Amino acid sequence: MFSFSTKVRYSEADASLRLSYPSIINYFQDCSIFHSEDLGIGIRFLQEEHRVWLMNSWQIQILRFPQFGEVLNVNTWPYDFKSMFGYRNFTMTDRDGTDIVVANSVWVYADTDTGRPTRLMPEYAARYPLEPAYPMTYAPRKIELPADGIPAAPIPVTVSHIDSNNHVNNGQYVAMASALLPHADYKNLRVEYKKSARLGDTIYPLISTGEASCTVVLSAKDGAPFAIAEFRD
């Protein structure tokens with residue numbers, strides 16, 4: 001397991017002084033990157049190898065919202081590799097070591113020259129010690145598209161959305177989706193990433209709200225989704 005300690009900053013909190021949805025994603029994403037960097041197979045290594053880990057899906061369960069000023073440990077470990085897929089759990093724990101946010105994630109190893117998934121070399125996989133999967137109920141990685149929805153204002157992709165892979169960062173999609181929610185009390189979040197939006201693209205949101213859920217589809221102009229975010233009580 002790889003861990004780092006942090007304190008919830010005001011800039012990471014929402015209007016209720018709780019750690020925001022995109023900040024939760026960012027903590028977990030940063031933790032996985034720090035882990036790979038510590039193992040010597042981080043961002044610059046991957047760039048030299050013309051490889052990248054792309055996020056395929058998130059499943060996040062918020063047992064209790066972290067609060068502004070709270071000291072947290074953020075933890076991650078991989079539990080399986082299959083061909084081009086990597087499977088990684090995350091937890092966020094409080095001072096007492098109690099889990100307050102838990103997550104599953106699926107990643108795809110890809111060739112940056114071809115843009116296609118490629119098999120992870122066994123010698124690279126061997127550098128990640130595997131641990132047992134977190135005991136949670138695992139949801140499917142694919143999210144069913146809602147039958148209908150209400151369109152929201154288009155979002156132009158700007159430089160602030162782009163990461164070192166030259167596409168919209170995983171957390172930015174969650175920031176876009178969460179800004180359109182009717183409330184910020186959902187405790188279950190799933191995200192499926194379909195294709196990468198890039199600088200100059202425009203993202204067209206479609207919002208579908210149920211009694212205890214809200215799904216936000218972030219699509220290209222032709223309706224092809226970039227990402228789908230599902231929030232549930």
Side-chain angles (χ1 to χ4, degrees), residues 1-4 24-61 74-92 99 101-145 163-174 188-197 215 217-218 224-230 232:
M1 179 187 294
F2 177 87
S3 303
F4 76 92
I24 290 172
I25 293 280
N26 288 338
Y27 273 8
F28 284 160
Q29 180 172 254
D30 287 346
C31 192
S32 66
I33 292 172
F34 293 157
H35 186 197
S36 294
E37 293 290 333
D38 265 24
L39 295 174
I41 45 180
I43 293 173
R44 290 181 177 84
F45 171 85
L46 291 171
Q47 288 174 337
E48 291 173 359
E49 295 287 312
H50 301 268
R51 296 293 187 267
V52 66
W53 281 108
L54 299 175
M55 176 60 72
N56 177 269
S57 65
W58 280 109
Q59 179 192 356
I60 297 173
Q61 296 178 355
V74 185
N75 317 290
T76 188
W77 65 95
Y79 63 87
D80 200 8
F81 293 104
K82 292 179 181 176
S83 184
M84 72 282 293
F85 290 102
Y87 301 84
R88 180 182 282 272
N89 283 136
F90 296 84
T91 61
M92 204 174 286
D99 294 340
V101 185
V102 301
N104 182 50
S105 62
V106 181
W107 302 72
V108 176
Y109 194 64
D111 184 323
T112 56
D113 291 332
T114 66
R116 292 181 174 276
T118 188
R119 184 180 295 274
L120 178 66
M121 299 292 286
E123 58 266 33
Y124 295 161
R127 295 173 75 168
Y128 289 100
L130 299 181
E131 299 182 39
Y134 187 86
M136 60 188 292
T137 301
Y138 286 81
R141 62 185 177 88
K142 291 189 174 294
I143 301 173
E144 186 175 349
L145 282 169
D163 62 17
S164 62
N165 297 314
N166 293 314
H167 60 228
V168 172
N169 184 265
N170 304 321
Q172 293 288 344
Y173 293 106
V174 176
N188 293 279
L189 167 61
R190 293 169 62 208
V191 188
E192 181 188 358
Y193 299 92
K194 306 286 280 187
K195 68 173 185 174
S196 299
T215 301
V217 183
L218 300 167
F226 292 115
I228 309 165
E230 178 192 77
R232 289 188 173 275

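Position 1 is the first residue of the sequence; numbering continues from there. Since the model is a prediction, treat every value here as computed from it, not as a measurement.
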Heavy-atom side-chain proximity of Met84 to Thr118 below 4.5 angstrom: no
Nearest heavy atoms of Ile43 and Ser164, plus distance in Å: CG2-OG, 4.2 Å
Validation row: Phe45, Tyr124 side chains within 4.5 angstrom (heavy atoms): yes
Check ion pair Glu230-Arg232 (N to O, under 4.0 angstrom): yes
Asp30 CG to Glu37 CD distance, which is reported to the nearest 0.5 Å: 11.0 Å
Neighbour count above 12 (heavy atom, 6.0 Å) for Glu123 CD: yes
Test log, rule side chain to side chain contact (heavy atoms under 4.5 Å, CB included), inputs Met92 and Asp99: CA-CA 6 Å; Met92 204 174 286; Asp99 294 340; over 6 Å; no
Counterpart residues, side-chain hydrogen bond (donor to acceptor under 3.5 Å, both in side chains), relative to Arg88 (two or more places apart): His35, Thr76
Any side-chain heavy-atom pair of Ser3 and Val74 under 4.5 Å: no
Residues, nucleotides or ligands: over 12 heavy atoms within 6.0 Å of Met121 CE: no
Tyr173/Tyr193 under ring pair (Phe, Tyr, Trp, His ring centres under 6.0 Å): CA gap, chis, key distance, verdict: CA-CA 9 Å; Tyr173 293 106; Tyr193 299 92; 5.7 Å; yes
Distance (rounded to the nearest 0.5 Å) between Ile24 CD1 and Leu189 CG: 8.0 Å
Close side-chain approach of Thr215 to Ile228, heavy-atom, < 4.5 Å: yes
Under 3.5 Å donor-acceptor, Asn165 side chain and His167 backbone: no
Distance (rounded to the nearest 0.5 Å) between Ile33 CD1 and Asn26 CG: 9.5 Å
Arg190 side-chain N/O to Pro140 backbone N/O, donor-acceptor pair under 3.5 Å: yes
Asn169 and Gln29: side chain donor to acceptor below 3.5 Å: yes
Point-to-point distance, once rounded to the nearest 0.5 Å, from SG of Cys31 to CG of Asn75: 6.5 Å
Parallel, tilted or perpendicular, as decided by the 30° and 60° cut-offs, for the rings of Trp77 and Tyr134: tilted
side-chain hydrogen bond (donor to acceptor under 3.5 Å, both in side chains) partners of Tyr128, counting only residues at least two apart: Ser36
Minimum-distance pair of heavy atoms, taken over all atoms of Val106 and Asn104: CG2-ND2, 4.3 Å
Student check: side-chain heavy atoms of Val102 and Thr91 closer than 4.5 Å: yes
Closest heavy-atom pair and its distance - Trp107, Trp53: CB-CE3, 3.6 Å
Flag, side chain of Gln59 to backbone of Ala139, donor-acceptor distance under 3.5 Å: yes
Pro225 versus Lys195, closest heavy-atom pair with distance: O-CG, 3.6 Å
Residues, nucleotides or ligands: over 12 heavy atoms within 6.0 Å of Lys82 NZ: no
Minimum side-chain heavy-atom gap Ile60-Val101 below 4.5 Å: yes
Residues Glu192, Lys194: salt bridge by 4.0 Å N-O rule: yes
Asn89 side, atom CG; Met1 side, atom CE - distance, nearest 0.5 Å: 9.0 Å
Arg116 atom CZ, neighbour heavy-atom count above 12 within 6.0 Å: no
Ring pair (Phe, Tyr, Trp, His ring centres under 6.0 Å) partner of Phe90, the single match among Tyr79, Tyr27, Phe28, Phe2: Phe28
Flag, side chain of Thr112 to backbone of His50, donor-acceptor distance under 3.5 Å: yes
4.5 Å side-chain heavy-atom contact, Tyr109 and Leu54: no
